[in-house]
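Please read the structure below before turning to the comments.
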Protein chains: 2
Amino acid sequence: MQSRTPAARTGRPRSAAADAAILAATRAALVELGWSKLTLGDVATRAGVAKTTLYRRWAGKNELVVDAVAVLFDELRLPDSGSLADDIEGVVLQFATILARPEARSGLMAVVAESTRDDALRERIRVSIVDRQKRLVLEGRSRAQARGELPQESDPSSASRTADLIFDVVAGAVVHRTLVSGEAVDTEWARRLARVLLSGLGSTV
Amino acid sequence: MQSRTPAARTGRPRSAAADAAILAATRAALVELGWSKLTLGDVATRAGVAKTTLYRRWAGKNELVVDAVAVLFDELRLPDSGSLADDIEGVVLQFATILARPEARSGLMAVVAESTRDDALRERIRVSIVDRQKRLVLEGRSRAQARGELPQESDPSSASRTADLIFDVVAGAVVHRTLVSGEAVDTEWARRLARVLLSGLGSTV
DNA sequence: CCGCTTTCGATACGACCCGTAGCGTAACTG
DNA sequence: CAGTTACGCTACGGGTCGTATCGAAAGCGG
């Protein structure tokens, strides 16, 4: 059995400052160069760190970018606005704000594209980014049920599938609007989306 | 004024067979290697073509992949099934079938990610891929209005925004389900999505 | 204070891919 | 046949990759 920090009880500890500097440098490089032209050597230089240090901590560009982008999603919060419509609208606008940042736009979609051929990378994205978003959907549903805005679903399996559907619809719509259609997510759009979802969920789904 | 084919009335014409071979080789390379490890030299070798020929026709990897993937979306058709619900379900399943192919998964999202930093590339994607999908949404709406399933909207600006919203929701949800959540789009999921959209659109949106 | 262990910075390395240039040949036009 | 363009082939400098090596630095246990 090992303690919570299994590795390295002896020897020189890894510099936490270097970690932060590397991730910040990665985001800066994403803004200036985009994903495809980002090189690990350049990131190391920006961070004031040797290239070997980078390779010691991350397997490659994909893993590094995932970690660098993941922290952007820390600020996601479910606004307890009192109504489900306002909750949805608030989350959509928050998500869109994050996706408006260039380091999120170019970095996130690139690693998602790479994850189609790398199961470990997909799992890493799921744990550090996607699940954090999905939690908001589950939380919002449970609050709405407590308020009586949504019915308590009897079949747990069906309820789970519905939650998955809503998550894919909300996140997918925002991403598609921002990156593919290339238009901004404003308050009016968020309100329209929330209205469509509410009407759709109110009926027997 | 120039004729429909403005360039090259004299000299040796470009080989149409080479074009097809290159695009097919690109798709094969996408399947085997994915976007990031795909190299133009490898594609040229696979196509039995000199590397210089490739560079004469495409500016770079991004443009080549867009053209190679675009033809996958040629098969998209709006099934005139008689009801809006079935139309939506049919389009969703067709779109999902295309996205299930590995060359579409890895190629499409990668170029979309790149297009966040390249306006010309974004426009190329829009013309050769996105608009082709969007046309189905507009066609489906007009058919549904003819059948009386959807109201004739009075405000054209509002109607346009609604169509944009529906398009982002449908396409975004399918893409997100397939690539981010990593789960298959089956008939049941498509039916649920169609149901949510129909209820949402039926009310005053 | 002193070994032990691990990390860090720096440098060097072969391998690969990039994008372009040059050249001789092939294909088509008038 | 002369003119023009596309093609295959080869070669090139430049950049990035990921790894190896080495001495110095930073903590830990005695």
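Since this is a predicted model, take the numbers as computed values, not measurements. Just so we're on the same page: letters track the sequence lines, and every chain starts at 1.
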On DNA chain C, compare the nucleotides closest to K37(B) and R57(A); which residue's is nearer the 5' end?
R57(A)

Is the closest side-chain donor-acceptor distance between R132(B) and S128(B) under 3.5 Å?
no

Round to the nearest Å and state the distance from W58(B) atom CH2 to dA6(D) atom P.
14 Å

Of the nucleotides dT4(D), dC17(D), dT7(C), which one has an atom closest to the side chain of T10(B)?
dT4(D)

Between dT21(D) (P) and Y55(A) (OH): distance, integer Å:
18 Å

Ignoring hydrogens and angles, tell me if any N or O in the side chain of S160(B) forms a donor-acceptor pair with the backbone of P156(B) under 3.5 Å.
no

Find the distance K61(A):NZ to dC17(C):P and express it as a whole number of Å.
15 Å

Ignoring backbone atoms, test whether T53(B) places a side-chain nitrogen or oxygen under 4.0 Å from the OP1 or OP2 oxygen of dG8(D).
yes

Do we see a donor-acceptor contact under 3.5 Å between the side chains of T162(B) and R192(A)?
yes

Could you state the CZ-C1' distance from R56(B) to dG19(C), rounded to the nearest angstrom?
13 Å

Please report the distance, rounded to the nearest Å, between CG in L40(B) and P in dT20(C).
11 Å

Side chain of P13(B): nearest nucleotide among dG8(D), dC18(C), dA27(C)?
dA27(C)

Selection: residues 111-123 of chain B, any non-hydrogen atom under 4.0 Å of DNA chain D
none

Ignoring hydrogens and angles, does a donor from either the side chain of K51(A) or the base of dG18(D) sit under 3.5 Å from an acceptor on the other?
yes

Whole-Å distance between dG18(D) C1' and E63(A) CD?
14 Å

R191(B)-T187(B) side chain donor-acceptor pair, cut-off 3.5 Å:
no

Any side-chain N or O of R12(B) less than 4.0 Å from the OP1 or OP2 oxygen of dA26(C)?
no

So that I can tick it off, tell me whether D19(A) and R14(A) are bridged by a salt bridge, with the cut-off set at under 4.0 angstrom between side-chain N and carboxylate O.
no

Output yes when R147(B) and D80(B) qualify as a salt bridge under the 4.0 Å nitrogen-oxygen rule, no when they do not.
yes

Does T52(B) contact dC9(D) through a side-chain donor or acceptor facing the base, at a distance under 3.5 Å?
yes

Are side-chain heavy atoms of W189(A) and V92(A) found at a separation under 4.5 Å?
yes

Could you check how far CD1 of I22(A) sits from C1' of dT7(C), rounded to whole Å?
12 Å

Rounded to whole angstrom units, what separation is found between the CZ atom of R14(A) and the C1' atom of dT5(C)?
14 Å

